[in-house]
Amino acid sequence: MKLNVFKIIAAAVLVSSNFQAQTSVIQKIRSNPKAPFSYAELAVKEGGKWEGDKYIGGTFKNVQELTIPESHTDHSTYIRYEGIGLENNQIGYRLYLDWRNATDIFGKKVNTLVLPEVGQDGFESYHHDAAWGQDILKSGRTIGIGSYGRYDEQNDFVETFKIVKSTAAKVVNEKEQSYATIEYKGWKTWGDAIDLASKLTIFNKDRFVKVDLNLSNSISGLCTGIVAIKNIPLKQGISKNKKWAYIATYGNQTETKKDDNLGMAVFYPLESFDKYIKTKSTHTVVFKKTKNVFYYFLGAWSLEPNGLKTEEAFYQDLDQKLEILDKNNQL
């Protein structure tokens, strides 16, 4: 009994410490609103209860680590805005921590910190226009922008994370970058189950996120991509020395129902590249059989402050980044 009491107290101290750490990061960013920042966030409900796959009642509290409960799925209302948040002065992203594993975009109309308030006043609120911005990408049943899955060639489909033994996530905020790590144990698509560790890093500059993927065994079909929006063409670019390439789209492809534009891109190293596939819903970059790979993705919304307002400016930005990658192998 004493041991159990000690464990409960230790767990409470850890939760309190994690909450205080996140609060300190938020306060520091807000104390100097004109300074560049990066921020990673994870918030879950406490004080409620599970009823089937829904979490009823409770209030949101920021945490630094979480093992996803077995009951959790899409629209469980347990995790605030359903996943991990990444943000800097220019843009925000979220990755769903459920079977969808899609990455979504929060378009910002301000250059200050917004994620701590997103989703606090209702599960659907961030889908609607607000002073800070809104969720602007409809990822649907795809991996959204820059997330990862496995391409099923037989069925021409990107498989996500429907069968996983366990998923554990962690967020870390450092001086010039913030990141989330996710450990997927027993991910099964076809063949043997494997473990996958991902790390998504956002920096206190620009709009891009770096994605590092490490697997317990080599597999074929590991992929990333961009949701394919009807009537929006795909463009591709290759660096001068053929070390890096990108796929990208640009146009009126947001959920805002406004006369706005969104650019999306994925940069990938050609040494890891196998093929490009256009499925019904996704522009897909398939990697060679591998145990590890890294790449970058970004979104650019025309309504962000001092943003890239035109298609020409967007692709000029991509070409500049491609040149940097060609020389330095990193952004």
Side-chain angles (χ1 to χ4, degrees), residues 10-32 35-46 60-69 72 78-98 101-106 108 112-119 145-148 161 164 166-185 195-215 224 292-299 330-331:
V13 170
L14 178 61
V15 170
S16 176
S17 175
N18 287 342
F19 177 71
Q20 290 173 359
Q22 288 294 89
T23 302
S24 176
V25 170
I26 294 169
Q27 290 174 342
K28 186 176 181 180
I29 293 171
R30 286 178 170 164
S31 68
N32 192 359
F37 72 87
S38 65
Y39 178 64
E41 179 179 79
L42 179 58
V44 299
K45 278 185 178 179
E46 62 175 14
F60 288 114
K61 187 172 185 177
N62 281 26
V63 297
Q64 286 185 282
E65 305 179 43
L66 176 68
T67 297
I68 307 302
H72 183 262
Y78 174 64
I79 303 175
R80 187 153 55 85
Y81 54 77
E82 299 198 272
I84 285 169
L86 298 170
E87 180 187 2
N88 63 17
N89 301 75
Q90 293 174 285
I91 198 164
Y93 302 97
R94 62 166 168 166
L95 184 140
Y96 294 117
L97 284 174
D98 55 54
N101 209 73
T103 305
D104 204 352
I105 299 174
F106 287 131
K108 294 177 58 173
T112 51
L113 183 68
V114 302
L115 278 185
E117 307 307 321
V118 173
I145 175 174
S147 188
Y148 39 90
F161 287 76
V164 183
S166 68
T167 303
K170 181 179 181 180
V171 293
V172 176
N173 287 289
E174 298 178 346
K175 185 177 181 181
E176 296 183 348
Q177 64 182 28
S178 300
Y179 61 87
T181 60
I182 311 172
E183 300 277 348
Y184 309 84
K185 300 292 186 181
D195 299 335
L196 187 153
S198 72
K199 180 180 180 182
L200 294 87
T201 306
I202 192 167
F203 303 84
N204 66 349
K205 61 178 182 178
D206 218 292
R207 303 167 184 82
F208 57 82
V209 170
K210 182 186 179 188
V211 181
D212 293 275
L213 302 179
N214 292 280
L215 299 89
T224 184
N292 53 73
V293 69
F294 78 100
Y295 59 90
Y296 296 84
F297 70 83
L298 66 81
Q330 65 179 7
L331 292 177

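By convention here, the first residue in the shown sequence is residue 1.
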Inspect the surroundings of NZ in Lys205 and state if more than 12 heavy atoms from other residues, nucleotides or ligands are less than 6.0 Å away. no
Within a strict 4.5 Å, meaning less than it, do heavy atoms of the Phe161 and Thr167 side chains meet? no
Short question: side chain of Lys108, backbone of Asn88 - any donor-acceptor pair under 3.5 Å? yes
Determine whether Leu213 and Thr224 make a side-chain contact, defined as any pair of heavy atoms from C-beta on separated by less than 4.5 Å. no
Euclidean distance, Leu95 CG relative to Ile145 CD1, rounded to 0.5 Å: 12.0 Å
Donor-acceptor pair, side chain of Glu87 and main chain of Val114, under 3.5 angstrom: yes
Say whether Asn101 and Tyr184, considering side chains only, have a donor N or O and an acceptor N or O under 3.5 Å apart. yes
Heavy atoms, side chains only, cut-off 4.5 Å: are Asp206 and Leu331 in contact? no
Taking side chain to side chain contact (heavy atoms under 4.5 Å, CB included) as the definition, give me every residue that meets it alongside Asn173, ordered by chain and number, with sequence neighbours left out. Gln22, Val25, Tyr39, Ala40, Ser178
At their closest point, which heavy atom of Val211 faces which heavy atom of Gly146, and how far apart are they? CG2-O, 4.1 Å
Using 0.5 Å steps for rounding, measure from the CD atom of Gln27 to the CG atom of Asn32. 14.0 Å
Gly299 and Ile105: which non-hydrogen atoms are nearest, and at how many Å? CA-CD1, 4.2 Å
Do the side chains of Asp104 and Tyr81 get nearer than 4.5 Å, heavy atoms only? no
Does the side chain of Tyr148 come within less than 4.5 Å of Val293's, by heavy atoms? no
Backbone N or O of Phe37 within a donor-acceptor pair of the Asn89 side chain at under 3.5 Å? yes
Would you call Ile68 and Ile79 a side-chain contact if the rule is heavy atoms closer than 4.5 Å? yes
Going by the rule side-chain hydrogen bond (donor to acceptor under 3.5 Å, both in side chains), which residues pair with Tyr179 if we only count those two or more places apart in sequence or in a different chain? none
Given Lys61, Arg80, Arg94, the one that forms salt bridge (charged side-chain N to carboxylate O under 4.0 Å, His left out) with Glu41: Arg80
With sequence neighbours left out, the residues meeting side-chain hydrogen bond (donor to acceptor under 3.5 Å, both in side chains) with Arg207 are Glu304
What's the spacing between Phe208 CZ and Tyr295 OH if we round to 0.5 Å? 15.0 Å
Would you say that Ile84 contacts Ile182 through its side chain, given a criterion of any heavy-atom pair below 4.5 Å between the two side chains? yes
Tell me the closest heavy-atom pair linking Leu86 and Leu115, and the distance in Å. N-CD1, 3.7 Å
Pi-cation contact, Phe203 with Lys210 (under 6.0 Å, within 45°): no
Measure the shortest side-chain to side-chain distance between Glu183 and Asp195 over non-hydrogen atoms and say whether it is less than 4.5 angstrom. no
